[in-house]
Amino acid sequence: MPVIIFTEHSEDIIKKSSLEAISYGVALAAKLNTEAISLVVGQTKMNLALLGEYGVKKVIHADDLNINVSDNQCMATIITHAAEKFNADTIIFSNTISAKGIAPRLSVKMRAGMVSGAVSLPDLTNGFVVKKNVFSGKAFADINILSNKKIITLNSNAFEISKPGGEATVEKFEIGNITSSIKVTAVHKIEGEIPLAEADKVVSAGRGMKGPENWGMIEELAKLLGAATACSRPVSDSDWRPHHEHVGQTGLSIAPNLYIAVGISGAIQHLAGVNRSKTIVVINKDPEAPFFKSADYGIVGDAFDVVPKIIAAVKAL
Ligand SMILES: Cc1cc2nc3c(=O)[nH]c(=O)nc-3n(C[C@H](O)[C@H](O)[C@H](O)COP(=O)(O)OP(=O)(O)OC[C@H]3O[C@@H](n4cnc5c(N)ncnc54)[C@H](O)[C@@H]3O)c2cc1C
């Protein structure tokens, strides 16, 4: 029974987190001695056969004009149909905002056991045991999925992308009329910004910046590095920055390759949303700031001295 990997794309680019999910699905399919299929939904100009480079032999593409990719109910229905048609019993997602909306709905439709936020391949020696982060990344839990049908959402940065090479066959997947109890009437994209959830690098700042008028240097550093901007909760609560930049337990959970935290104390609720970042750089004038305990690199200093120097150094490079 094949493994289907729900493969997300945006502006004709496959999301990096989906390439991780494909690599994970391909490795899982090899373990289960079965085939990995990538499911792509929505219109795109990409040559989907190239997904074969990541190890899938087959791509199924549902691109009917009436599909609304922002409608989670509609997406769950499409994936259910695909699972039925291709006799798949395991569905892999990357743990994105879309997956958080679609996967639980799919779990109900397919009557599938689901683990969200997996961090490694299932252990098949005694069942189907999936390891996941719990308690905001402070512990791991091993969860045995007992149902025949299984859904896993994979944390970003938890599994390396592999590129064994090859070309996939691309099959159109006609889904006909899909009914949904909601209708998405408009989607307004924020233009010109790197989406925080997908960003490879993030420059984030907290109350140490003193006020919204001082964010110019944070934005400048982010722009130079090709990074997204983020902030701590009190900053967005005070309307210094928009709410979609708030990271942490009650905000967005992110896992970029580089997270630069400027004037953020490193409270546990903040760390909960950023401690999966690969490299953490902390800039804080207080050497006792808790964030230094989680940092790969720390600079003890005043942000108003340090950040302009970093900007100058990056410009010089
Ligand atoms: C239920 C609950 C949920 C929460 N969820 C979240 C969440 O999702 N995200 C979140 O961020 N918080 C969350 N919080 C709040 C959290 O507990 C902290 O209060 C918050 O993270 C602190 O923000 P901060 O570090 O920006 O500010 P502060 O705690 O005020 O820290 C400011 C830091 O800046 C440093 N600093 C000051 N001036 C300078 C300077 N000139 N140069 C360099 N450093 C300087 C200080 O030394 C200090 O370490 C939550 C709290 C609760 C109770």
Side-chain angles (χ1 to χ4, degrees), residues 95-97 99-101 116-117 132-139 153 155-157 190 193-199 201-222 224-225 227-314:
N95 196 14
T96 58
I97 290 173
K100 282 175 185 153
S116 59
K132 67 167 280 179
N133 277 133
V134 285
F135 299 123
S136 303
K138 286 245 167 280
T153 74
N155 268 352
S156 54
N157 275 340
I190 299 167
E193 276 183 32
I194 298 171
L196 181 55
E198 282 290 312
K201 302 180 200 96
V202 173
V203 181
S204 185
R207 231 167 6 194
M209 294 308 295
K210 318 286 186 227
E213 65 281 5
N214 295 322
W215 244 264
M217 61 180 176
I218 300 299
E219 284 172 343
E220 188 178 1
L221 180 58
L224 282 168
L225 295 174
T229 47
C231 66
S232 65
R233 175 169 153 174
V235 162
S236 61
D237 282 352
S238 312
D239 280 337
W240 293 3
R241 298 297 291 176
H243 278 281
H244 66 255
E245 288 195 359
H246 155 205
V247 288
Q249 187 183 314
T250 45
L252 212 56
S253 178
I254 55 171
N257 278 320
L258 175 65
Y259 184 74
I260 302 180
V262 186
I264 301 177
S265 56
I268 186 149
Q269 296 89 355
H270 184 86
L271 290 174
V274 302
N275 59 6
R276 289 185 298 111
S277 307
K278 260 202 179 143
T279 302
I280 296 179
V281 179
V282 170
I283 302 167
N284 197 304
K285 70 174 185 186
D286 175 8
E288 301 298 324
F291 219 150
F292 283 122
K293 292 202 179 90
S294 311
D296 298 284
Y297 300 94
I299 302 173
V300 179
D302 190 320
F304 295 90
D305 289 337
V306 175
V307 176
K309 283 182 184 149
I310 298 178
I311 289 173
V314 176

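Numbering of ligands and ligand atoms starts at 1, following listing order.
Pairing each heavy atom of A222 with each of T229, the nearest pair is CB-CG2, 3.6 Å.
Taking NE2 of H243 as the start and CZ of R233 as the end, the distance is 9.5 Å to the nearest 0.5 Å. Separating the CG atom in L225 from the NZ atom in K201 is a distance of 6.5 Å, to the nearest 0.5 Å. Annotation: the span from S253 atom OG to N155 atom CG amounts to 7.0 Å, rounded to 0.5 Å. Taking CE of M209 as the reference point, atom CD1 of I264 lies at 10.0 Å (rounded to 0.5 Å). Atom NZ of K278 and atom CG of N157 lie 5.0 Å apart (nearest 0.5 Å). To the nearest 0.5 Å, atoms OG (S156) and CG (N95) are separated by 7.5 Å.
M217 places none of its side-chain heavy atoms less than 4.5 Å from the side chain of V262. Looking only at side-chain heavy atoms (C-beta outward), N275 and S294 stay at 4.5 Å or farther from each other.
Numbered from 1 in the order shown, with element, the atoms of ligand 1 that lie under 4.0 Å from a heavy atom of Q249 read 7 (C), 8 (O). Annotation for ligand 1: atoms under 4.0 Å from non-hydrogen atoms of F304 are 41 (N). Here is the list of ligand 1 atoms found below 4.0 Å of a heavy atom in D286: 47 (O). Within ligand 1, counting atoms from 1 as listed, the ones closer than 4.0 Å to a heavy atom of G206 are 26 (O). Within ligand 1, counting atoms from 1 as listed, the ones closer than 4.0 Å to a heavy atom of D302 are 40 (C), 41 (N), 42 (N). When each atom of ligand 1 is checked for a heavy atom of G251 under 4.0 Å away, the hits are 8 (O).
Atom 19 (O) of ligand 1 has P234 CG, 4.4 Å as its closest protein atom, hydrogens excluded (heavy atom only). For atom 24 (P) of ligand 1, the nearest protein heavy atom (residue, atom name, distance) is S232 OG, 3.6 Å. Summary of contacts: the protein heavy atom closest to atom 18 (C) of ligand 1 is A267 CB, 3.6 Å. Ranking the protein heavy atoms by distance from atom 9 (N) of ligand 1 puts V247 O, 2.9 Å first. Looking only at protein heavy atoms, the nearest one to atom 32 (C) of ligand 1 is G263 O, 3.5 Å. The nearest heavy-atom contact from the protein to atom 17 (O) of ligand 1 is Q269 OE1, 2.8 Å. The protein atom (non-hydrogen) at minimum distance from atom 35 (C) of ligand 1 is N284 OD1, 3.4 Å. Protein heavy atom in closest approach to atom 37 (C) of ligand 1: G208 CA, 3.4 Å.
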Before you tell me yes or no, could you show the steps for V247 and H270 under side-chain contact (heavy atoms from CB on, under 4.5 Å), namely the whole-Å CA-CA distance, both residues' side-chain angles and the distance that decides it to 0.1 Å? CA-CA 7 Å; V247 288; H270 184 86; 3.6 Å; yes

Before giving the answer on side-chain contact (heavy atoms from CB on, under 4.5 Å), spell out for I310 and I260 the whole-Å C-alpha distance, their side-chain angles and the decisive distance to 0.1 Å. CA-CA 11 Å; I310 298 178; I260 302 180; 5.9 Å; no

side-chain contact (heavy atoms from CB on, under 4.5 Å) assessment of T279 paired with N257: CA-CA 6 Å; T279 302; N257 278 320; over 6 Å; no

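Geometrically, ligand 1 and V235 share no nitrogen or oxygen pair separated by less than 3.5 Å. Remark: ligand 1 and I283 share no N or O pair separated by less than 3.5 Å (distance only, no angle test).
Nearest residue to atom 3 (C) of ligand 1 from E288, R233, H246 is R233 (criterion: closest heavy atom).
Between F291 and Y259, the angle of the ring planes lies from 30° to 60°, which puts this pair in the tilted group.
Looking at S265 against ligand 1, both its backbone and its side chain come within 4.0 Å, counting heavy atoms. Both the backbone and the side chain of A303 come within 4.0 Å of ligand 1, counting heavy atoms alone. Residue I268 does not touch ligand 1, judged by heavy-atom distances below 4.0 Å. No part of F291 comes within 4.0 Å of ligand 1, judged by heavy-atom distances.
Using a 4.0 Å cutoff on heavy atoms, G301 counts as a contact of ligand 1. Distances shorter than 4.0 angstrom occur between a heavy atom of K210 and an atom of ligand 1.
More than 12 non-hydrogen atoms from other residues, nucleotides or ligands lie less than 6.0 angstrom from CD of E213.
By the definition of a contact as any protein heavy atom under 4.0 Å away, atom 1 (C) of ligand 1 is not in contact.
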